**Q** 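Dropping the structure in here first, questions after.
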Amino acid sequence: MTFAGAIKVCLTKFADFRGVATRREYWYFVLFTVLVSLVLSTVDGLIFPPVTTAQDAFLASLEANPESLDAALLNAALMESWNATPISNLVGFILGIPLLAALVRRMRDAGFSAWWMLLSWVPLLTFIFSLLPTKTAEQGNTRIRTGN
């Protein structure tokens, strides 16, 4: 399978989660998406120059008071970075489903169930669960254990 053939197959079977995908088909399509994202991020950087005022304000807020997180500044910083790359975001959404379909077909060809892809959520869940103990206790809701 050629590079162009793999891209054609993956884009033609963009929502086909059944069947199998060869290694070349999958990795050529991954290479294609990486190359497209590199080119489009460069184009986004030229057309939409980065503005980091909200990000700078958020980082300054964190440096001044690391214990508190200003949700409004965090939201503004996230929206600022989201708005800085509209072309890359759109193409990422467009290529996301064919890439996911190719990954499911490739997993099946390798002899695994597509449910194994849920393991990719483990780092995110670990991060979220590691933040839970950092929540401050509410008044009247704390229990002090005394050792005997």
Side-chain angles (χ1 to χ4, degrees), residues 1-139 141:
M1 177 167 286
T2 65
F3 183 73
I7 295 166
K8 182 180 177 187
V9 167
C10 286
L11 290 177
T12 312
K13 297 168 124 182
F14 73 95
D16 184 13
F17 290 86
R18 289 174 290 198
V20 294
T22 64
R23 279 185 291 179
R24 280 185 178 221
E25 177 184 335
Y26 174 71
W27 286 112
Y28 277 155
F29 193 66
V30 168
L31 177 64
F32 170 72
T33 57
V34 167
L35 292 175
V36 165
S37 69
L38 285 173
V39 169
L40 290 180
S41 65
T42 304
V43 170
D44 274 338
L46 293 173
I47 295 175
F48 306 102
V51 178
T52 60
T53 54
Q55 293 171 6
D56 294 340
F58 176 68
L59 290 176
S61 166
L62 279 180
E63 287 176 0
N65 191 1
E67 288 83 27
S68 70
L69 179 70
D70 189 358
L73 279 177
L74 175 63
N75 188 31
L78 289 174
M79 289 308 296
E80 188 175 76
S81 73
W82 175 263
N83 293 333
T85 58
I87 299 170
S88 297
N89 294 339
L90 177 67
V91 173
F93 280 129
I94 292 170
L95 290 178
I97 292 177
L99 186 61
L100 181 65
L103 177 59
V104 168
R105 291 194 312 267
R106 178 67 203 136
M107 294 275 296
R108 192 169 294 119
D109 186 48
F112 295 100
S113 169
W115 290 104
W116 282 98
M117 292 187 327
L118 293 177
L119 286 177
S120 65
W121 286 84
V122 169
L124 177 66
L125 293 175
T126 303
F127 176 71
I128 290 171
F129 287 133
S130 68
L131 290 179
L132 290 178
T134 63
K135 183 178 180 248
T136 58
E138 298 171 5
Q139 286 292 11
N141 198 16

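These numbers come from the heavy atoms of this one structure, side chains and all, not from hydrogens, waters or symmetry mates. Computed from a prediction, not measured in an experiment: that's the story for all the values here.
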**Q** Within the supplied structure, the quantity of interest is the number of heavy atoms (other residues, nucleotides, ligands) at a distance under 6.0 Å from I97 CD1; does it exceed 12?
**A**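 No, not enclosed.
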**Q** To the nearest 0.5 Å, tell me how far L78 CG sits from L74 CG.
**A**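 Rounded to the nearest 0.5 Å, the CG-CG separation comes out at 4.5 Å.
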**Q** CG/L100 to CG/L95 distance, rounded to the nearest 0.5 angstrom?
**A**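 Those atoms lie 12.5 Å apart.
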**Q** Which donor-acceptor pairs under 3.5 Å do side chains of residues 12-24 form with protein atoms, sequence neighbours excluded?
**A**
residue : atom : partner : partner atom : Å
T12     : OG1  : K8      : O            : 2.4
D16     : OD1  : R18     : N            : 3.1
T22     : OG1  : E25     : N            : 3.1

**Q** Using the side chain to side chain contact (heavy atoms under 4.5 Å, CB included) rule, take I87 and F48 through it: C-alpha gap first, then chi angles, then the decisive distance, then the call.
**A** CA-CA 10 Å; I87 299 170; F48 306 102; 4.1 Å; yes
**Q** Using atom types as modelled, flag every donor-acceptor pair under 3.5 Å from a side chain in residues 111-119 to any protein atom, sequence neighbours excluded.
**A**
residue : atom : partner : partner atom : Å
S113    : OG   : W115    : N            : 3.2

**Q** Who pairs with T85 by side-chain hydrogen bond (donor to acceptor under 3.5 Å, both in side chains), at least two apart in sequence or on another chain?
**A**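 So T85 forms a side-chain hydrogen bond (donor to acceptor under 3.5 Å, both in side chains) with N89.
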**Q** Could you give all pairs that pass the salt bridge (charged side-chain N to carboxylate O under 4.0 Å, His left out) test and reach residues 108-123, with sequence neighbours left out?
**A**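 As it turns out, the salt bridge (charged side-chain N to carboxylate O under 4.0 Å, His left out) pairs with a partner in residues 108-123, which skip direct neighbours, are R106-D109.
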**Q** Scan the side chains in residues 29-37 for donor-acceptor partners under 3.5 Å anywhere in the protein, sequence neighbours excluded, and list what turns up.
**A**
residue : atom : partner : partner atom : Å
T33     : OG1  : F29     : O            : 3.4
T33     : OG1  : V30     : O            : 2.7
S37     : OG   : T33     : O            : 3.3
S37     : OG   : V34     : O            : 2.8

**Q** Would you name the heavy atoms of A102 and C10 that are closest together and state the gap between them?
**A**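 Nearest pair, atom of A102 first, then C10: CB-SG, 3.9 Å.
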**Q** Return yes if a side-chain donor-acceptor contact under 3.5 Å exists between D70 and S61, otherwise no.
**A**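 No, because no side-chain N or O of D70 sits under 3.5 Å from a partner of the opposite role on S61.
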**Q** Could you grab the distance from atom CZ of F58 to atom OG1 of T53, nearest 0.5 Å is fine?
**A**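 One gets 14.0 Å once the value is rounded to the nearest 0.5 Å.
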**Q** Under the ring-ring contact (aromatic ring centres under 6.0 Å, His included) test, which residues partner F3, sequence neighbours left out?
**A**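 In terms of ring-ring contact (aromatic ring centres under 6.0 Å, His included), with neighbours along the sequence ignored, F3 is linked to Y28.
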**Q** Could you measure the distance from the OG1 atom of T126 to the CH2 atom of W121? Nearest 0.5 Å is fine.
**A**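 The distance works out to 13.0 Å.
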**Q** Check whether T2 reaches the backbone of G5 with its side chain - one donor and one acceptor, N or O, closer than 3.5 Å.
**A**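 Yes.
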**Q** Do you know which two heavy atoms are closest between A84 and P86, and how far apart they sit?
**A**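 Residues A84 and P86, closest heavy atoms: C-CD, 3.5 Å.
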